[in-house]
Amino acid sequence: MILLDGRKTSNDIKEEIAKEVQEMKENGERVPHLAAVLVGSDGASLTYVGSKVKACERVGFESTLIQLPHTVSEVELLETIHDLNDNDEIDGFIVQLPLPKQINAQKVLLAVDPEKDVDGFHPTNFGKMALDMSTFIPATPFGILTLLERFKVETKGKHTVVIGRSHIVGRPMSILMGRKGFPGNSTVTLTHSYTKDIKAITLQADIIVTALGVPGFLTADMVNEDVVIIDVGITRVTDETKAKGYYITGDVDFENVSKKASYITPVPGGVGPMTIAMLLKNTLIARDRRSQSGK
Ligand code: NAP
């Protein structure tokens with residue numbers, strides 16, 4: 001069994017990006033600038049945004065964190081987004097989800113300039129992705145593709161089963177694994193909570209991507225020998241014996257499934273760190289595109 005080590009791979013990617021940024025500085029060029037909008041003070045969201053800002057600092061990017069109160073109105077948030085769209089100093093930005101109830105997340109998503117949409121959530125970018133056009137691939141699927149690529153995991157002609165159909169992970173993963181090229185050329189089955197007898201389907205899989213948020217969902221009796229496992233799930237499980245009062249776990253019974261797998265991502269240390277590295281990569285791409293168009 002080979003561990004798809006996302007921590008090490010993401011560190012390698014960050015080092016590669018840091019080198020590019022260093023060269024930009026030496027050439028007197030503008031460095032990439034990522035902004036993040038955080039509404040409210042939800043603990044998990046604060047942690048995620050904090051890690052993104054820290055990662056920017058580590059590779060030498062400029063970063064701006066805009067914190068808005070949880071009572072912010074939709075109009076105020078949309079104004080902030082328009083300001084970021086118009087700000088030539090900013091190459092890309094993200095709006096941390098989830099958003100409070102008074103805000104229509106879809107409206108917010110549509111307001112982001114697709115050229116600065118480094119999360120790849122705007123329908124223009126999602127459509128381009130589905131049509132094999134150059135675009136921003138959402139960071140988590142982009143991270144998974146990069147892991148498969150760097151570990152040279154064969155995907156051609158394989159049966160990939162994706163569990164979970166969210167717009168940010170499962171759905172794009174199902175499209176990307178079926179695209180022409182590498183990683184891709186897979187035969188894909190997308191499953192969700194209405195899928196009947198998931199076990200019968202996972203037992204036919206060469207590659208399984210779990211993105212449900214249900215700890216221990218995928219058990220050893222549901223997989224074949226030599227299966228490739230990508231565990232996207234991140235769930236905080238309360239545990240008073242831990243210093244933080246919780247531990248993080250994925251959707252896979254790692255201990256038993258890893259005995260049958262040829263490749264497997266750990267949680268933590270698998271897909272999670274890759275997501276942040278690919279957000280940086282998308283910001284670098286955004287900056288390069290904007291520089292080429294004279295901005
Ligand atoms: P989500 O919006 O939470 O939706 C969960 C999906 O799983 C839905 O499509 C749901 O089906 C499906 N599902 C739930 N229970 C199921 C069951 N028993 N059998 C089959 N399908 C089931 O998805 P998400 O936002 O992609 O998040 C999924 C997990 O990934 C969470 O733990 C999240 O924290 C984690 N995540 C990790 C990263 C990372 O960087 N590693 C990034 C994003 C998310 P229906 O559509 O039918 O409801």
Side-chain angles (χ1 to χ4, degrees), residues 1-13 44 47-48 51 139-155 158-166 168-170 173-174 177 183 186 188-193 195 197-278:
M1 180 273 288
I2 295 173
L3 203 63
L4 295 168
D5 185 344
R7 199 162 278 147
K8 181 184 178 308
T9 310
S10 72
N11 282 335
D12 292 347
I13 292 167
T47 310
Y48 290 141
S51 327
T140 302
F142 193 8
I144 296 170
L145 294 187
T146 305
L147 270 180
L148 294 171
E149 193 182 341
R150 294 210 173 196
F151 281 84
K152 299 187 174 61
V153 178
E154 183 60 271
T155 58
K158 302 290 181 188
H159 181 198
T160 296
V161 173
V162 180
I163 311 178
R165 57 178 164 182
S166 73
I168 60 169
V169 187
M173 252 343 271
S174 69
M177 291 301 282
S186 253
V188 181
T189 304
L190 179 60
T191 66
H192 44 76
S193 68
T195 303
D197 197 0
I198 283 199
K199 183 176 168 182
I201 298 168
T202 54
L203 279 172
Q204 294 173 35
D206 302 302
I207 301 171
I208 302 176
V209 181
T210 58
L212 316 75
V214 179
F217 177 85
L218 193 78
T219 48
D221 60 315
M222 295 171 77
V223 306
N224 277 326
E225 291 290 337
D226 294 332
V227 68
V228 175
I229 302 287
I230 307 289
D231 188 355
V232 184
I234 298 180
T235 305
R236 282 184 183 195
V237 180
T238 307
D239 183 347
E240 298 308 334
T241 66
K242 304 281 175 201
K244 287 183 177 169
Y246 65 86
Y247 66 90
I248 299 285
T249 189
D251 293 333
V252 176
D253 171 7
F254 184 89
E255 192 189 336
N256 294 307
V257 172
S258 62
K259 289 177 187 147
K260 291 176 101 176
S262 53
Y263 295 86
I264 187 165
T265 56
V267 178
V271 177
M274 291 300 292
T275 298
I276 293 186
M278 302 330 283

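In terms of the salt bridge (charged side-chain N to carboxylate O under 4.0 Å, His left out) criterion, K259 has no residue partners (sequence neighbours excluded). The side chain to side chain donor-acceptor pair (under 3.5 Å) check on K199 picks up D221, with sequence neighbours excluded. Take R7 and apply the salt bridge (charged side-chain N to carboxylate O under 4.0 Å, His left out) test, not counting sequence neighbours, and it matches no residue. Taking S174 as the reference, V162, V188, L190 meet the side chain to side chain contact (heavy atoms under 4.5 Å, CB included) condition, with sequence neighbours excluded. Not a single side chain to side chain donor-acceptor pair (under 3.5 Å) links D251 to another residue, sequence neighbours left out.
The distance from the CD atom of E225 to the OG atom of S262 is 10.0 Å, given to the nearest 0.5 Å. To the nearest 0.5 Å, the span separating CD on E149 from CD1 on I144 amounts to 13.5 Å. To the nearest 0.5 Å, the span separating NZ on K158 from OG on S186 amounts to 9.0 Å. In this structure, the separation between CE on M173 and OG on S166 is 11.5 Å, given to the nearest 0.5 Å.
Side-chain atoms of T275 and T140 form a donor-acceptor pair, as typed in the model, at a separation below 3.5 Å. For the residue pair T189 / H159, a side-chain donor-acceptor distance below 3.5 Å is found, with atom types taken as modelled.
The two residues Y263 and F151 come nearest to each other via the heavy atoms OH-O, 3.9 Å. Nearest heavy atom pair, residue V227 against residue I207, reads CG2-N, 4.4 Å. Residues G213 and P215 approach most closely at O-CD, 3.7 Å, considering heavy atoms. Contact record, P183 with T155: CA-OG1, 3.6 Å, taken as the closest heavy-atom pair.
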Between E255 and D253, does the side chain to side chain contact (heavy atoms under 4.5 Å, CB included) criterion hold? Intermediate values first, please. CA-CA 6 Å; E255 192 189 336; D253 171 7; 4.1 Å; yes
query: Given L218 and I208, is the side chain to side chain contact (heavy atoms under 4.5 Å, CB included) satisfied, shown in steps?
result: CA-CA 9 Å; L218 193 78; I208 302 176; 4.2 Å; yes
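Within the 3.5 Å criterion, the main-chain N or O of D226 finds no donor-acceptor partner in the side chain of K260.
With T210 as the fixed residue, the side-chain hydrogen bond (donor to acceptor under 3.5 Å, both in side chains) test singles out one of T191, T202, D231: D231.
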For residues 240-248, run the donor-acceptor check on the side chains, cut-off 3.5 Å, and write out each pair with its distance to 0.1 Å, sequence neighbours left out.
residue : atom : partner : partner atom : Å
T241    : OG1  : D239    : OD1          : 2.5
T241    : OG1  : D239    : OD2          : 3.3

